Peer 1: 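Questions regarding the structure given below will be posed in turn.
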Amino acid sequence: MRETPSQTAGPYLHIGLAPEGRASFGRDLRAPGVRGEAMELGGTVRDGAGEPCGDALIELWQPDAAGRFPGTPGADSAFGGYGRCACDAAGRYRFETIRPGAPFVSLLVFARGINAALHTRAYLEPAEDDVLRAAGDRAGTLMAAWDGATARFDIRLQGTGETVFLDF
Amino acid sequence: MSIGPRPEGWHPPALTPAYRSTRLRAPSHPPLAMPPGPAEEAGPVFGHLSLGPLDGDLLVNHAAPGETAIGPRIRVHGTVRDEGGRPVPHALLELWQANAGGRYRHARDGYLAPLDPNFGGCGRVMTDAEGRYAFRTIQPGPYPWPNGGNDWRPMHVHLSLFGHAFAQRLVTQLYFEGDPLTPLCPILNAVPSQAARDRLVARLDMEGTVPMDLVAWRFDVVLRGGAQTPFENRAEGL
């Protein structure tokens with residue numbers, strides 16, 4: 001049996017995916033007791049005309065400071081590794097998280113006009129891996145600007161500087 | 001968990017011009033097909049989430065004490081399985097929808113239909129050990145939307161699911177059997193084949209209805225992963 005087909009999350013995704021008062025699904029992954037170095041990750045989501053996507057929502061998924069994913073043996077039990085952030089009117093998102101013990105974090109983009117979530121990665125350091133190799137001369141769109149505290153990762157859905165999206 | 005590549009022509013492509021919003025939001029490059037690795041095979045764990053008893057009951061979860069939402073009372077239920085047919089237990093399913101008049105409780109929805117003070121339109125449930133889920137709500141109404149013409153969304157419920165791997169993440173919409181607006185919808189018609197579109201249509205389930213109370217709709221979901229390889233299909237000894 002094939003997977004159920006995807007549909008857009010639409011313009012009102014906040015009702016279901018970012019309801020008020022649900023901290024466990026928020027943009028702050030630094031729960032009490034989480035080990036690791038603080039990292040802010042954010043950027044702006046823009047469409048093919050360069051306009052900000054004020055109705056997009058970003059999901060973040062990453063391993064803990066030791067590179068272990070939640071639910072796997074030895075992972076930091078205080079760290080959920082998963083967050084959501086609805087963009088503001090200027091298309092900006094921002095997560096408060098920790099620097100992963102891995103070169104990248106995974107991101108999903110949901111919005112009106114996106115029929116199936118767009119999956120990408122924000123790399124915090126260069127890496128020798130299949131994704132960056134396959135991205136070739138567009139690999140730069142997967143590199144976050146990391147200054148030791150803040151990682152800036154802008155997402156361009158279409159056009160000049162279009163972000164590389166991945167189908168796993 | 002074995003997660004194979006997504007089959008071509010099954011999911012909606014990024015660019016479906018009849019759904020106008022895709023024109024500036026569809027990437028012009030196809031996504032890079034990559035084999036899942038540890039980041040995609042692991043996934044968020046929601047075991048710590050204690051869902052409230054009303055989280056899956058939209059009839060009352062935003063209502064004043066003793067009151068309920070306006071609209072036809074329904075129950076939606078089904079099973080979440082993987083591509084190998086195995087139930088997915090403890091999968092988180094979130095949902096959101098318009099009220100019976102076709103109006104969302106959202107600052108950007110200015111449709112003429114009024115809000116229902118007793119309806120919020122948001123819920124969540126978890127599948128049980130056999131992969132089954134159920135929620136109670138009201139039948140959402142259709143509504144017009146700006147898409148360049150006379151476009152109406154059919155009755156639908158938005159669904160968001162997590163399996164056990166991040167690569168299984170799925171957001172989709174559930175439609176209702178028999179709604180005449182369904183075949184006209186540019187968003188549903190972004191899905192290329194009739195067979196795939198049919199998978200998004202909930203079926204009337206008279207066996208599940210509760211007499212003098214509510215009508216049941218059946219909607220099964222399949223998440224990626226667990227598909228059998230051709231070798232597993234061979235009879236033993238061959």
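From a predicted model like this one, the values you see are computed outputs, not experimental measurements. Residue numbers start from 1 in every chain, and the chains themselves are labelled A, B, ... in the order their sequence lines are given, proteins ahead of strands.
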Peer 1: Could you pull out the closest heavy-atom pair between B/Leu24 and A/Asp47, with the gap in Å?
Peer 2: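 It is O-CB, 3.2 Å.
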Peer 1: Measure from the side-chain N and O atoms of B/Arg20 to the backbone N and O of A/Gly113, and report whether any donor-acceptor pair falls under 3.5 Å.
Peer 2: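 Checked: no pair found.
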Peer 1: Angle between ring planes, A/His119 versus B/Phe166, binned at 30° and 60°: parallel, tilted or perpendicular?
Peer 2: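 If you compare the ring of A/His119 with that of B/Phe166, the planes turn out perpendicular.
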Peer 1: Is B/Pro38 in contact with chain A via its backbone, its side chain, both, or neither, using a 4.5 Å heavy-atom distance?
Peer 2: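 It is both, since atoms from each part get that close.
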Peer 1: Hey, does A/Pro11 have a side-chain heavy atom less than 4.5 Å from the side chain of B/Arg108?
Peer 2: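 Sidechains of A/Pro11 and B/Arg108: no contact.
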Peer 1: Identify which part of B/Ser28 has an atom lying under 4.5 Å from any heavy atom of chain A, answering side chain, backbone, both or neither.
Peer 2: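 Backbone plus side chain of B/Ser28, per the 4.5 Å heavy-atom cut-off to chain A.
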Peer 1: So do B/Arg197 and A/Pro5 actually touch side chain to side chain, heavy atoms under 4.5 Å?
Peer 2: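 A side-chain contact is absent here, since even the closest heavy-atom pair is not under 4.5 Å.
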Peer 1: Between CG of B/Leu32 and OG1 of A/Thr120, what distance do you get to the nearest 0.5 Å?
Peer 2: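 One finds 9.0 Å between CG of B/Leu32 and OG1 of A/Thr120.
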Peer 1: Supply the atom-to-atom distance B/Arg6 CZ to A/Glu3 CD, rounded to the nearest 0.5 angstrom.
Peer 2: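 It is 5.0 Å, given to the nearest 0.5 Å.
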Peer 1: Side chain, backbone, both or neither: which part of A/Leu13 has a non-hydrogen atom closer than 4.5 Å to chain B?
Peer 2: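 A/Leu13 touches chain B through backbone and side-chain heavy atoms alike.
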Peer 1: Looking at A/Leu157, is its backbone amide N or carbonyl O close enough to the side chain of B/Arg25 to form a donor-acceptor pair, meaning the two atoms are under 3.5 Å apart?
Peer 2: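 Side chain of B/Arg25 to backbone of A/Leu157, a donor-acceptor pair under 3.5 Å: no, none is there.
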Peer 1: Could you tell me which portion of A/Arg121 (side chain, backbone, both or neither) has an atom closer than 4.5 angstrom to a non-hydrogen atom of chain B?
Peer 2: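 Side chain only.
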Peer 1: Taking side chain as C-beta onward, heavy atoms only, is A/Phe25 less than 4.5 Å from B/Leu92?
Peer 2: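 Yes, close enough: below the 4.5 Å cut-off.
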Peer 1: Taking all non-hydrogen atoms of both residues, which atom of A/Gln158 and which atom of B/Thr22 are closest, and how far apart?
Peer 2: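 Scanning both residues completely, I find the closest heavy atoms to be NE2-O, 4.4 Å.
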Peer 1: If you round to the nearest 0.5 Å, how far is OG1 of A/Thr141 from NE2 of B/His29?
Peer 2: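 Spacing of NE2 (B/His29) from OG1 (A/Thr141) equals 9.5 Å.
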Peer 1: Does B/Trp96 reach the main-chain N or O of A/Tyr12 with its side chain, forming a donor-acceptor pair under 3.5 Å?
Peer 2: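 The answer is yes, because a donor-acceptor pair under 3.5 Å joins these two groups.
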Peer 1: Taking side chain as everything from C-beta outward and backbone as N, CA, C, O, which of these in A/Arg156 sits under 4.5 Å from a heavy atom of chain B? Side chain, backbone, both or neither.
Peer 2: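 Contact with chain B is absent: no heavy atom of A/Arg156 under 4.5 Å.
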Peer 1: Atom OG1 in A/Thr72, atom CD in B/Glu41: separation rounded to 0.5 Å?
Peer 2: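 The OG1 atom of A/Thr72 sits 12.0 Å away from the CD atom of B/Glu41.
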Peer 1: Taking B/Pro31, B/Pro12, B/Pro44, B/Ala42 one by one, which has the highest count of heavy-atom pairs under 4.5 Å against chain A?
Peer 2: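 It is B/Pro44.
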Peer 1: Would you say that B/His11 contacts A/Ser6 through its side chain, given a criterion of any heavy-atom pair below 4.5 Å between the two side chains?
Peer 2: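 Sidechains of A/Ser6 and B/His11: in contact.
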Peer 1: Side-chain contact test, heavy atoms from C-beta onward, threshold under 4.5 Å: evaluate it for A/Thr8 versus B/Gln173 and give yes or no.
Peer 2: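 They are in side-chain contact.
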Peer 1: Side chain, backbone, both or neither: which part of A/Ala135 has an atom under 4.5 Å from a heavy atom of chain B?
Peer 2: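 Both backbone and side chain.
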Peer 1: Could you verify whether a donor N or O on one side chain and an acceptor N or O on the other, from A/Gln7 and B/Tyr175, lie under 3.5 Å apart?
Peer 2: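 Yes, a side-chain donor-acceptor pair sits under 3.5 Å.
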Peer 1: Give, as side chain, backbone, both or neither, the part of B/Leu161 having an atom under 4.5 angstrom from any heavy atom of chain A.
Peer 2: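 Neither part; nothing is under 4.5 Å.
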Peer 1: At a 4.5 Å cut-off on heavy atoms, which part of B/Ala14 comes close to chain A: side chain, backbone, both, or neither?
Peer 2: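 Only the backbone of B/Ala14 comes within 4.5 Å of chain A.
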Peer 1: Hey, are A/Asn115 and B/Thr16 close enough side-chain-wise for a donor-acceptor pair under 3.5 Å?
Peer 2: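 Side chains of B/Thr16 and A/Asn115: pair found under 3.5 Å.
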Peer 1: Based on non-hydrogen pairs under 4.5 Å, which of B/Ala39, B/Ala196, B/Ala33 is most in contact with chain A?
Peer 2: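 Option with the greatest count: B/Ala39.
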Peer 1: Between B/Pro35 and A/Phe168, is any pair of side-chain heavy atoms under 4.5 Å apart?
Peer 2: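 No, every pair of side-chain atoms sits at 4.5 Å or beyond.
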Peer 1: Would you say that more than 12 heavy atoms from the other residues, nucleotides or ligands in this model lie under 6.0 Å from the CD of B/Glu8, or not?
Peer 2: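 No, because the 6.0 Å sphere around CD of B/Glu8 holds 12 heavy atoms or fewer from other groups.
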Peer 1: Determine the option with the most heavy-atom pairs under 4.5 angstrom with chain A, choosing from B/Leu223, B/Asp109, B/Leu95.
Peer 2: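 Max contact count across the listed options: B/Asp109.
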Peer 1: Would you mind reporting whether B/Pro27 and A/Thr163 have side-chain heavy atoms less than 4.5 Å apart?
Peer 2: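 A/Thr163 vs B/Pro27: side chains apart.
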Peer 1: Any side-chain heavy-atom pair from A/Ile15 and B/Tyr104 closer than 4.5 angstrom?
Peer 2: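 In contact.
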Peer 1: Does the pair A/Asp167 and B/Met34 meet the rule for a side-chain contact (heavy atoms from CB on, under 4.5 Å), with working shown?
Peer 2: CA-CA 6 Å; A/Asp167 182 16; B/Met34 303 298 300; over 6 Å; no
Peer 1: Between chain B and each of A/Gly80, A/Gly10, A/Ala116, A/Cys53, count heavy-atom pairs under 4.5 Å; write down the option with the most.
Peer 2: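 Among the listed options, the one with the most contacts to chain B is A/Cys53.
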Peer 1: As an exercise: rank A/Asp130, A/Leu166, A/Val105 by heavy-atom pairs under 4.5 Å with chain B and give me the winner.
Peer 2: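 Heavy-atom pair counts peak at A/Leu166.
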Peer 1: Given that the side chain runs from C-beta out, which part of B/Arg81 has a heavy atom under 4.5 Å from chain A: side chain, backbone, both or neither?
Peer 2: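 For B/Arg81, no heavy atom lies under 4.5 Å from chain A.
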Peer 1: Under 4.5 Å, counting heavy-atom pairs only, tell me which of B/Pro36, B/Gly4, B/Gly43 racks up the most with chain A.
Peer 2: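 Counting heavy-atom pairs under 4.5 Å, the top option is B/Gly43.
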Peer 1: Let's test your reading of the structure: which of B/Pro5, B/Pro7, B/Pro30 forms the most heavy-atom pairs below 4.5 Å with chain A?
Peer 2: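 Greatest number of close heavy-atom pairs with chain A: B/Pro7.
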Peer 1: Which atoms of A/Ala117 are under 4.5 Å from chain B, going by heavy atoms: the side chain, the backbone, both sets, or neither?
Peer 2: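 Contact with chain B: none, neither part.
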Peer 1: Distance check, rounded to the nearest 0.5 Å: A/Ile114 atom CD1 versus B/Tyr19 atom OH?
Peer 2: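 Those atoms lie 9.0 Å apart.
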Peer 1: Report the option among B/Val191, B/Val222, B/Leu159, B/Val221 that has the most heavy-atom pairs separated by less than 4.5 Å from atoms of chain A.
Peer 2: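 Max contact count across the listed options: B/Val222.
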Peer 1: Let me confirm one number: the CG-CD distance from A/Leu17 to B/Glu94, rounded to the nearest 0.5 Å.
Peer 2: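 Answer for the CG-CD pair, A/Leu17 versus B/Glu94, is 6.0 Å.
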Peer 1: Side chain from CB out, backbone as N, CA, C, O: work out which of these in A/Val131 comes under 4.5 Å of a heavy atom of chain B, or both, or neither.
Peer 2: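 Backbone plus side chain of A/Val131, per the 4.5 Å heavy-atom cut-off to chain B.
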Peer 1: Can you tell me which of A/Pro70, A/Gly71, A/Ala9 forms the most heavy-atom pairs within a distance under 4.5 Å of chain B?
Peer 2: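 Most heavy-atom pairs within the cutoff with chain B belong to A/Ala9.
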Peer 1: For A/Tyr82 and B/Phe46, take the angle between the two ring planes, folded into 0 to 90°, and tell me which bin it lands in: parallel under 30, tilted 30 to 60, perpendicular over 60.
Peer 2: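 Rings of A/Tyr82 and B/Phe46: perpendicular, as their planes differ by over 60°.
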